[in-house]
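As C-alpha cells, the structure follows; a few thoughts come after it.
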Amino acid sequence: MRLNHINLCASDVTALAGTLVTHFGYRIIDTGRAPAAFGGGSFAAVAGSDGSEFVITQIDPVPDGGSAYPKGFHFGLIQQSREAVYTKHAELTAAGLNPGAISDGFQVWGATWTAFYCPLGDGLDLEVNYRTPSALLDTNP
C-alpha cells in the first residue's frame with residue numbers, strides 16, 4: 001500500500017499549484033471545477049516525479065490573521081541534501097514567499113535534520129527538510 005494523495009485547501013488554487021510546480025517540480029495533471037456535491041469550487045491536481053500527488057480545492061478566503069488549518073498543521077517535502085535545503089530557502093526568499101529561519105542539526109527519530117517552514121497562505125505551512133539516514137525511519141517492513 002502507498003499513499004494515494006493529500007487534499008489541500010486554498011483560497012487561491014492557482015497560486016498554490018503554481019508554487020508546487022515552479023519551486024518543487026510538480027506537474028499539473030488536471031484542473032477544473034469540482035462537482036456541486038463537493039462545493040463546486042475550482043481545483044487542481046498535481047503530481048511529483050516521486051509519485052506523490054496533491055489535490056488542491058477551493059475554499060473561501062480566510063480573514064486576515066485567520067487560518068483554514070489547525071495550529072501546527074503542515075506538510076513536508078524532503079530534499080536530497082542539507083545544501084539543497086539552503087538553496088531552496090534562498091530560492092523561496094527570492095520569490096517573495098518569506099520562509100522562516102532554517103533550523104540545522106536537530107535530532108528526531110534517530111536522524112539529524114535541517115528544516116524550515118514556509119507559509120503558503122490560508123494558514124498552510126510547508127516544511128522543507130533534509131535528514132540523515134535513520135535506523136528507525138529507513139527500515140522497510
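Bear in mind that the values here come from a model prediction, so they are computed numbers and not experimental data.
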Item to check | Stepwise side-chain contact (heavy atoms from CB on, under 4.5 Å) check, Val13 with Thr31 | outcome: CA-CA 9 Å; Val13 170; Thr31 62; over 6 Å; no

What heavy-atom pair brings [X] and [Y] nearest, and what distance separates the two atoms?
| X | Y | answer |
| --- | --- | --- |
| Arg2 | Gly51 | NH1-O, 3.2 Å |
| Glu53 | Asn4 | OE1-O, 3.0 Å |
| Val85 | Asn129 | CG2-C, 3.6 Å |
| Ala17 | Val46 | CB-CG1, 4.2 Å |
| Ile59 | Ala68 | CD1-CB, 3.5 Å |
| Ser42 | Gln58 | OG-OE1, 2.7 Å |

Is it possible for you to say whether [X] and [Y] belong to one hydrophobic cluster, with membership spreading through side-chain heavy-atom contacts below 4.5 Å?
| X | Y | result |
| --- | --- | --- |
| Ile29 | Val55 | no |
| Leu136 | Tyr130 | no |
| Leu92 | Val21 | yes |
| Ile78 | Trp109 | no |
| Tyr117 | Val128 | no |

Check: [Y] and [X] side chains under 4.5 Å, non-hydrogen atoms:
| X | Y | answer |
| --- | --- | --- |
| His23 | Leu97 | yes |
| Phe43 | Ile56 | no |
| Leu120 | Leu8 | no |
| Lys88 | Phe24 | yes |

Next on the checklist: Working to the nearest 0.5 angstrom, can you tell me the gap between His74 NE2 and Cys118 SG?
Outcome noted: 13.0 Å

Next on the checklist: Pair Leu126, Phe75 - check side-chain contact (heavy atoms from CB on, under 4.5 Å), show working.
Outcome noted: CA-CA 5 Å; Leu126 163 63; Phe75 69 101; 3.5 Å; yes

Next on the checklist: According to side chain to side chain contact (heavy atoms under 4.5 Å, CB included), who are the partners of Asp138, at least two apart in sequence or on a separate chain?
Outcome noted: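 Once residues adjacent in sequence are excluded, the partners of Asp138 under the side chain to side chain contact (heavy atoms under 4.5 Å, CB included) criterion are Arg131, Pro133, Ser134.
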
Item to check | Inter- and intrachain pairs under salt bridge (charged side-chain N to carboxylate O under 4.0 Å, His left out), touching residues 102-130, at least two apart | outcome: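 Every salt bridge (charged side-chain N to carboxylate O under 4.0 Å, His left out) pair that includes a residue of residues 102-130, provided the two are not neighbours, is Arg82-Asp104.
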
When you measure from the side chain of [X] to the backbone N and O of [Y], does any donor-acceptor pair fall under 3.5 Å?
| X | Y | result |
| --- | --- | --- |
| Thr132 | Thr112 | yes |
| His89 | Ala101 | no |
| Arg33 | Gly40 | yes |

Checklist entry - Parallel, tilted or perpendicular: which fits the ring planes of Tyr69 and Phe73, with parallel below 30° and perpendicular above 60°? => result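 Plane angle under 30°, so parallel.
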
Next on the checklist: In terms of relative ring orientation, are Phe54 and Tyr26 parallel, tilted or perpendicular, with 30° and 60° separating the classes?
Outcome noted: tilted

